[in-house]
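Computed from a predicted structure; not experimentally measured. All residue numbers in this chain count up from 1 along the given sequence. All values below were derived from every heavy atom in this structure, side-chain atoms included, with hydrogens, water molecules and symmetry-related copies excluded.
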Amino acid sequence: MSAVNDTKLNSAMFLLTGIPGQEEAHLWISIAFCFIYVFSILGNSTILFIIKTDPSLHEPMYIFLSILAFTDLGLSISTTPTILGVYLFNSREVSLDACFAQLFFIHSFAIIESSILLLMAFDRFVAISNPLRYASILTLPRIFKMGLVCVLRGVAVSSPFPFLLKRFQYCRVNVLSHSYCLHQDVMKLACSDITVNYIYGLFLMVSIMGLDSLLIFLSYVMILKTVLSVASHSECLRALNTCVSHLCAILLFYTPEISLSLIHRLGKGSSPLLQIVLGYIYLLVPPLMNPIVYSVNSKHLRGRIIRVFVK
């Protein structure tokens, strides 16, 4: 077999990566990931249970929060098992099909989360700028349709990823940069022209994440304009206080996501450790922190959670 063919075999496996140079600490790192995973599942499941069982929480804001919690659950379940496999059992091998399936779910849930954060910004805008028509604008059937569109949007734009990657041959050293699969990471290992994948991924980053973040920013500009027109200082602070949790969720999600996408595409000389850390923050921190942030900032929700656990 020629040397060229020898380097372009279509391997049946990818190799996942932990933190290079920290192999001796992998067991201790895995303990931290286990806690993050358990608390993410527990926190988001609790949010879903409380909202489902308490009729007083069947309001647009909490329904959107329940969709966000469901999305965070999906993101955690799609990602953390392979991370724990790498750190606990040094199980680094993953088949091409399993890798493509994982990246499909990760990107789908990430896009759904971006869409939900946009809907939550719209929810806050309507609640503050037009409170008298809030219930008539955000009816349950309309919320259901909006949530369905978010899910279909995430699935539709992520579906091409496995097919675009499956047509490639991959070099024999198929070592990924993370302990899970991402499209922008896998495509770099192809022994083929990845221009189509690069353009499609960049297009999605700009048209989905970029557009969503821009619309969220414009929503808050309009919210701020409305709030500043309120004469009472206390009413102004009360209105802004309802946005604190959502603003925290936006920063937790978009900051590492956009940074990681830019580093993968533009930061050729960036530190591999920075990519790894940003990747973990992007996928693990929002599902962990969102239930905490919303529980702390919402007295109504916090009271229901305390009542359940006290009983």
Are the side chains of [Y] and [X] in contact, using a 4.5 Å heavy-atom criterion?
X: R92; Y: V175; result: yes
X: S40; Y: L284; result: no
X: S114; Y: E257; result: no
X: S158; Y: F109; result: no
X: F161; Y: N197; result: no
X: N130; Y: F125; result: no
X: L211; Y: V206; result: no
X: Y62; Y: Y294; result: no

Would you sort out whether S219 and F122 count as a side-chain contact (heavy atoms from CB on, under 4.5 Å), showing the intermediate values?
-> CA-CA 7 Å; S219 296; F122 175 70; 5.5 Å; no
Shortest non-hydrogen contact from [X] to [Y]?
X: Y170; Y: L165; answer: OH-O, 2.6 Å
X: T255; Y: L251; answer: OG1-O, 2.9 Å
X: C150; Y: S115; answer: SG-CB, 3.4 Å
X: I223; Y: A121; answer: CD1-O, 4.2 Å
X: L84; Y: S30; answer: CD2-O, 3.8 Å
X: L182; Y: H178; answer: CD1-CD2, 4.1 Å

How about S95 and D97: does a side-chain donor come under 3.5 Å of a side-chain acceptor?
->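 No donor-acceptor contact under 3.5 Å links the two side chains.
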Pair Y282-S259, side-chain donor/acceptor within less than 3.5 Å =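 Note: Y282 and S259 side chains miss the donor-acceptor criterion.
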Under 30°, 30 to 60°, or over 60°: which ring-plane class applies to H107 and H183, parallel, tilted or perpendicular?
->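 Plane angle over 60°, so perpendicular.
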Parallel, tilted or perpendicular, as decided by the 30° and 60° cut-offs, for the rings of H246 and Y220 =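 The arrangement is parallel - the two ring planes meet at less than 30°.
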CZ (R133) with more than 12 external heavy atoms under 6.0 Å =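 No - once you tally the heavy atoms of other residues, nucleotides and ligands closer than 6.0 Å, there are 12 at most.
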Spatial distance of atom CZ (R124) from atom OH (Y134) [nearest 0.5 Å] |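 Atom-to-atom, R124:CZ and Y134:OH are 5.0 Å apart.
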Joint cluster assignment, V244 & I216, ILVMFWY side-chain distance < 4.5 Å |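 No, no single cluster joins them.
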